[in-house]
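Taking it in order: structure first as structure tokens, then the write-up.
In what follows, every heavy atom counts, from backbone to side chain, and hydrogens, waters and symmetry copies are set aside. Remember, it's 1-based here, ligands and their atoms both numbered in the order they're listed.
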Amino acid sequence: MSDFNEAREWMVERQLAQRGVRDARVLAAMRHVPRDAFVPADVREFAYDDTPLPIGGEQSISQPFIVGKMLEAAQLRPGDRVLDIGTGSGYAAAIAAEIVARVDSIERDAALAETARECLQRLGYANVEVHIGDGTAGLAAHAPYDAIIVAAGGPHVPQALRAQLAPGGRLVMPVGGSPSRQRLVKVVRRGEHDYDEQAFGDVRFVPLVGSDGWPDLSDAGQGDHRAATAATTGMEPRCAAAEATTPGNNASNEAASTMQASTANHPAERNETPEPGRPLTLEAAIGVAAEPLPNLDSDQFATFIDRFANRRVILLGEASHGTSEFYRARAAITRRLVEQHGFSMIAVEADWPDAAIIDRHIRARPAPPSRAAPFRRFPVWMWRNAEFMAFVAWLRAHNATHAAQPERQIRFYGLDIYSLSESIEAVLRYLDTVDPDAARVARERYGCLSPWQKDPAVYGRAALSGGYAQCEEHVIAQLADLLKHRLAYEHADGERFLDAAQNARLIAVAEQYYRAMYYGGAQSWNLRDTHMFDTLRHALDSGGADARMVVWAHNSHIGDARATEMGRAQEELNLGQLCRTHFGDAAALIGFGTHGGTVAAASDWGGPLQTMTVRPSREDSYESRMHGAQIGRFVLDLRPGVHDALRERLREPLLERFIGVIYRPDTERYSHYAQASLAEQFDAYLWFDHTDAVTALPVSDGEQDGPAETFPFGM
Ligand code: SAH
């Protein structure tokens with residue numbers, strides 16, 4: 001259990017205190033209440049991740065940060081009487097019970113209420129009473145309440161609840177016009193009929209179902225149905241010490257909606273011919289709007305991009321770092337933008353020194369004397385693959401036709417100016433020699449560096465390994481040194497991308513960046529994307545006012561983070577969002593997706609490349625809706641004014657799959673899916689129903705000495 005204590009400390013510090021929950025009572029209570037005891041055994045390892053988790057009956061335990069925010073807003077004081085609506089697991093009730101005198105908690109799902117009641121009892125919370133019933137009516141018998149907390153989203157604040165607030169009483173509740181999206185609302189009772197009301201923060205809770213809430217849309221209604229669901233999804237054992245996952249438990253992962261979002265899955269009514277007056281299924285509506293695309297080798301493949309040709313920056317995504325179709329499609333689109341529309345810069349999600357070698361190669365400049373061939377470190381296949389190699393060859397040939405006018409040649413940049421892969425490799429090499437345990441922790445953590453590679457159990461371990469912290473200073477110094485060397489080299493090189501002032505600025509902020517990267521948390525994500533954006537702008541500026549650029553990076557970098565769980569729940573920003581904010585309509589964000597096939601990926605950071613089977617997309621995902629349109633390749637235009645009705649439907653959050661360099665099919669839901677609003681995230685979406693792994697190229701010895709025509713990859 002000590003792992004959990006440490007993980008809990010870490011959660012409170014990093015996910016709550018550092019993100020603005022200030023109330024000392026709430027923080028102390030959350031340090032004390034074992035969230036792991038309130039979740040089913042099969043998701044217990046994720047108990048201290050800042051995410052909702054399934055608890056059976058299609059319900060979920062709330063995200064800790066939101067629980068903290070709500071309880072803080074409720075201004076709980078020691079003598080208070082509190083009403084908690086939506087007991088769920090009982091977790092929020094337990095936290096309140098740590099602070100106040102008495103908690104009444106109402107849950108409409110009898111099976112959930114029973115489990116929560118037992119759990120609270122076993123943990124010794126004698127001041128909580130769990131009631132089964134419709135919380136929208138409150139609990140007049142025990143009113144008034146100093147605070148009322150509602151953990152499910154309703155269309156408005158129920159009248160009965162206002163009336164049951166004591167003078168000065170606070171009510172906090174998610175309110176919204178759709179069952180799946182709300183704003184948190186705080187109501188303070190000032191007098192008999194006098195209420196202050198303010199809204200703060202967008203959230204997504206499960207619906208508040210009741211006489212003064214949303215109607216019950218589940219087919220079997222309440223009672224037996226819910227009890228049956230709970231009984232078959234392995235909710236028990238809860239409230240026990242962590243136990244090995246029992247095989248049958250996995251059902252709860254799949255059956256329950258793990259988000260606080262709507263649990264109303266769209267029925268998969270495929271192949272349906274719409275009846276007059278009846279709305280199309282989402283699959284059918286996508287099918288109508290979809291523009292089928294020809295074969296990737298067709299010269300017509302990329303013509304759809306012409307509608308975006310007047311933009312200054314076009315960002316092309318990918319739904320994995322190891323899919324052939326995504327590379328080939330981006331190459332075809334980029335070729336068209338270069339040949340037909342005058343784009344002359346390409347910037348990719350890669351270490352800047354490696355990309356600089358490609359840049360020299362495609363402009364037929366001599367290879368830098370002192371540098372090895374590029375892209376020799378993990379994840380090697382991300383750029384060292386046949387698809388990218390073919391594109392590099394095309395770039396070189398294209399530039400050769402402008403040999404007399406170097407200013408018309410294409411330039412190629414790496415956006416990771418602090419060299420993420422190179423830095424990680426340096427950290428691992430060092431730790432391997434001085435502290436193998438810390439190195440193991442680092443490998444696991446770097447597997448989580450993309451925001452979607454969640455493995456929260458790892459966080460707790462890493463934050464507390466003493467060896468890890470001891471190595472920090474040395475590692476940071478080493479990385480800063482590496483950077484200085486790179487910059488010195490760049491300075492000595494004839495065509496400088498950075499001037500001395502920029503060098504100084506980079507060095508000044510490098511320490512902060514490397515420190516965050518060393519620990520690999522959310523902060524490092526934000527710093528990395530901010531620096532990628534700075535590099536992008538810098539490169540664009542260096543090309544003059546008319547310069548236009550194509551960017552290749554993962555969907556998680558280029559899709560607007562504000563439209564995803566990552567921005568909404570985890571306060572992470574990204575390159576696409578920064579481009580939209582800065583360039584407005586002069587930026588186009590184009591996402592990619594697939595239903596299934598194979599992908600090149602590893603199981604852990606630094607692990608061997610494998611060709612893995614991509615699981616068919618989940619029923620409750622955008623991918624499954626696209627698949628349902630039954631068109632092998634298509635583009636969806638998501639710009640305002642084009643398919644507005646469909647756009648509206650594609651704003652409703654659904655799960656979206658993100659595969660990076662790591663793929664973990666066994667924990668796919670938690671490791672790779674996140675909620676998103678597709679139509680807000682992208683300006684267009686490119687679909688390949690079936691995709692295959694990239695063809696990785698080997699790293700051979702002595703590459704840098706190879707003859708020019710085999711450079712940069714020595715094939
Ligand atoms: N606070 C909980 C999270 C609960 S999720 C926790 O910490 O685990 C929301 C819960 O509200 C669900 O269990 C759902 O069944 C319940 N609920 C929805 N409508 C309700 C209503 N009208 N009355 C009582 N409970 C309701």
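- Ligand 1 has Pro207 within reach: a non-hydrogen atom of the residue lies less than 4.0 Å from it.
- Using a 4.0 Å cutoff on heavy atoms, Asp84 does not count as a contact of ligand 1.
- Looking at ligand 1, you won't find any N or O of Ser60 less than 3.5 Å from one of its N or O atoms.
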Please table the atom pairs, donor to acceptor, closer than 3.5 Å between any side-chain atom in residues 70-82 and protein atoms at least two apart or in another chain.
| from | atom 1 | to | atom 2 | distance (Å) |
| --- | --- | --- | --- | --- |
| Glu72 | OE2 | Arg22 | N | 2.6 |
| Glu72 | OE2 | Asp23 | N | 2.7 |
| Gln75 | OE1 | Lys186 | NZ | 3.0 |
| Asp80 | OD2 | Arg77 | N | 2.8 |
| Asp80 | OD2 | Arg170 | NH2 | 3.0 |
| Arg81 | NH2 | His142 | O | 3.0 |

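- Looking at residues two or more places apart in sequence or on another chain, you find no side-chain contact (heavy atoms from CB on, under 4.5 Å) involving Ala101.
- Inclusion of Ile61 in the set of residues having an N or O under 3.5 Å from an N or O of ligand 1 is not warranted.
- By the 4.0 Å heavy-atom criterion, Ser62 is counted among the residues contacting ligand 1.
- For the 3.5 Å distance criterion, the side chains of Gln15 and Arg19 qualify, holding a donor opposite an acceptor.
- Checking only distances, Gly135 does come within under 3.5 Å of ligand 1, N or O to N or O.
- Residue Gly86 has at least one nitrogen or oxygen atom sitting less than 3.5 Å from a nitrogen or oxygen atom of ligand 1, judged on distance alone.
- Checking only distances, Val206 never comes within under 3.5 Å of ligand 1, N or O to N or O.
- Contact between Gly154 and ligand 1 is absent, with no heavy atom of the residue lying under 4.0 Å from the ligand.
- With a 4.0 Å cut-off on non-hydrogen atoms, Gln59 touches ligand 1 through its side chain and not its backbone.
- Ligand 1 has an N or O atom lying under 3.5 Å from an N or O atom of Ser89, backbone or side chain.
- Ring geometry, Tyr48 versus Phe4: the interplanar angle falls from 30° to 60°, so the pair is classed tilted.
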